[in-house]
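Labels below follow one simple rule: chain letters A, B, ... track the order of the sequence lines, proteins then strands, and each chain is numbered from 1.
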Protein chains: 2
Amino acid sequence: MTDDRLSQVFSALADPTRRDIVARLAAGDATVNELAEPYDVTVQAVSKHIRVLEDAGLVSRSRDAQRRPCHLEAEVFDLMTKWIERYRREAEDRFRRLDAVLEQMDEQPMTGGPAKGAAS
Amino acid sequence: MTDDRLSQVFSALADPTRRDIVARLAAGDATVNELAEPYDVTVQAVSKHIRVLEDAGLVSRSRDAQRRPCHLEAEVFDLMTKWIERYRREAEDRFRRLDAVLEQMDEQPMTGGPAKGAAS
DNA sequence: CACGTCTTCAACCAATTGGTTAAATACAAA
DNA sequence: TTTGTATTTAACCAATTGGTTGAAGACGTG
């Protein structure tokens, strides 16, 4: 199921600190300590946040001595945008159709068609 | 802060049931009972889910006798796509720049430039 | 009014989450 | 080998979450 992956990604980005980390990684790779510096939480807490981002596939890590540089994996973003765009388009199309129906009704109002349950 | 709104939206969509509800509302408005029918949880649980979507600004509701039809508010999607696209673009641009640097290095390798801290 | 239907509110529960401190691990340098 | 730095693991805590059951509101109909 890609479904669970979507949940992970949305959930990961639901946290402001995590979104901020992603934003900063978009500007360049960084180590855990570097990432932790601006926040007033412990480095362990940030380590956990990074773990969540990693599990969601948003971040990957390499090794440089005792450091673990974090790298943003932007491909996962596509998963979200695809989901979002699909339903936005669907909703917009429906809106357009409804608009057309209303226009139609304006020209030719209530000419004794089917009385109930016409729209699905 | 629009920041908190973003958290709400991402958090709301982090749940598969809630995403499914959004997907179905994209196809047309529906009441709480109609929405609850396919799931094997109580209608109260679904009512709570809808509340979360409503608080996030993803769903609005009208009144039709004792029914409360739910309507998808697709505009909020823009908030997410804007955030996502911004950082994806940023990451891609950075990648492109890095690529250019590597190409440059391939043509003119190590001509004794600055030794340390050149890249920011 | 009494009744049935649709929906929410209240109280509760188990699991998850975001944070903490303290201890362990991984590695470079002295 | 000891020391220092970067990071993770473990155990814990309070708050939140997704679910439950049971009762209450809101509203048309008999």
Side-chain angles (χ1 to χ4, degrees), chain A residues 1 3-25 28-56 58-72 116-117, chain B residues 1 3-25 28-72 116:
Chain A
M1 288 294 164
D3 193 59
D4 201 50
R5 174 50 70 97
L6 249 190
S7 295
Q8 277 184 297
V9 178
F10 276 122
S11 180
L13 294 179
D15 184 280
T17 305
R18 251 147 24 206
R19 277 202 308 283
D20 196 58
I21 290 176
V22 166
R24 289 169 57 209
L25 286 177
D29 295 3
T31 68
V32 177
N33 259 319
E34 285 165 359
L35 287 171
E37 197 268 316
Y39 315 118
D40 62 348
V41 297
T42 62
V43 71
Q44 290 97 316
V46 174
S47 181
K48 277 193 190 178
H49 279 309
I50 293 171
R51 187 77 183 335
V52 172
L53 291 169
E54 196 179 14
D55 288 346
L58 280 158
V59 160
S60 67
R61 342 178 57 170
S62 43
R63 182 167 273 289
D64 166 30
Q66 64 262 208
R67 258 148 273 127
R68 308 290 312 277
C70 300
H71 174 79
L72 185 62
K116 254 179 153 178
Chain B
M1 287 297 165
D3 192 59
D4 200 50
R5 173 51 68 97
L6 248 191
S7 295
Q8 277 185 294
V9 178
F10 276 122
S11 180
L13 293 181
D15 183 280
T17 305
R18 249 142 32 202
R19 277 202 309 281
D20 196 59
I21 290 175
V22 167
R24 290 168 59 209
L25 286 177
D29 295 2
T31 68
V32 178
N33 259 318
E34 285 166 359
L35 288 172
E37 197 268 316
Y39 314 118
D40 62 348
V41 297
T42 62
V43 71
Q44 289 98 314
V46 175
S47 181
K48 276 193 190 177
H49 279 309
I50 294 170
R51 188 72 180 340
V52 173
L53 292 169
E54 196 179 14
D55 288 345
L58 280 159
V59 160
S60 67
R61 344 178 54 171
S62 44
R63 183 167 273 288
D64 166 29
Q66 66 260 205
R67 256 148 275 127
R68 306 291 313 274
C70 300
H71 174 79
L72 185 64
K116 254 179 154 177

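- Looking at the side chain of A:R67, the nearest of the listed nucleotides D:dA6, C:dT20, C:dG18 is D:dA6.
- Phosphate proximity of D:dT8 to A:R61: present, with a side-chain N or O under 4.0 Å from OP1 or OP2.
- The nearest pair of heavy atoms linking A:F10 to B:L13 is CD1-O, 3.4 Å.
- For the OP1/OP2 pair of D:dT7 and a distance below 4.0 Å, the side-chain nitrogens and oxygens of A:R63 include no atom meeting the criterion.
- Where A:S11 and A:V41 each meet DNA chain C at their nearest nucleotide, the meeting point lying more 5' is that of A:S11.
- Taking every side-chain heavy atom of A:Q66 into account, C:dA26 is the closest of C:dT7, C:dT20, C:dA26.
- The distance from atom CD1 of B:I50 to atom C1' of C:dT8 is 11 Å, rounded to the nearest whole Å.
- If you measure from atom CG of B:D55 to atom P of D:dT17, you get 10 Å, rounded to the nearest angstrom.
- Put simply, A:R68 has no side-chain N or O that comes within less than 4.0 Å of OP1 or OP2 on C:dC27.
- Among the nucleotides C:dT21, C:dG19, D:dT7, the one closest to the side chain of A:T42 is C:dT21.
- Of the candidates C:dT7, D:dG19, C:dG19, the closest approach to any side-chain atom of B:V43 belongs to C:dT7.
- Between B:N33 and C:dT7 there is a side-chain polar atom (N or O) within less than 4.0 angstrom of OP1 or OP2.
- Atom NZ of A:K48 and atom P of D:dC13 are 14 Å apart (whole Å).
- To the nearest angstrom, C1' of D:dT7 lies 13 Å from CG of A:D64.
- Atom CG in B:D4 sits about 13 Å away from atom P in D:dT16, given to the nearest Å.
- If you check C:dG18, D:dG18, C:dA22 against the side chain of A:Q44, the one that comes closest is C:dA22.
- Summarising the geometry of A:R61 relative to A:V32, their closest heavy-atom pair is NH2-CG2, 3.2 Å, with the distance given to 0.1 Å.
- Phosphate contact (OP1/OP2 of C:dT8, side-chain N/O of B:S47, threshold under 4.0 Å): present.
- Put simply, CD1 on A:I21 is 12 Å from P on D:dT7, counting in whole angstrom units.
- The distance from atom OG of B:S11 to atom CZ of B:R18, rounded to the nearest 0.5 Å, is 6.0 Å.
- Interatomic distance, A:E34 CD to A:C70 SG, rounded to the nearest 0.5 Å: 9.5 Å.
- Distance from the side chain of A:A65 is smallest to C:dC27 among D:dT21, C:dC27, C:dT7.
- Taken from CZ in A:R67 to CG in A:D29, the straight-line distance is 14.0 Å, to the nearest 0.5 Å.
- In this structure, A:R51 reaches neither bases nor backbone, as no heavy-atom distance under 4.0 Å exists between it and the strands shown.
- The CZ-P distance, from A:R18 to C:dT17, rounds to 9 Å in whole Å.
- For A:H49 and C:dT17, the shortest distance from a side-chain N or O to OP1 or OP2 is not below 4.0 Å.
- Of the candidates A:D20, A:I50, A:L35, A:L35 is the only one forming a side-chain contact (heavy atoms from CB on, under 4.5 Å) with A:L25.
- B:E54 has its CD atom 12 Å from the C1' atom of C:dT7, to the nearest Å.
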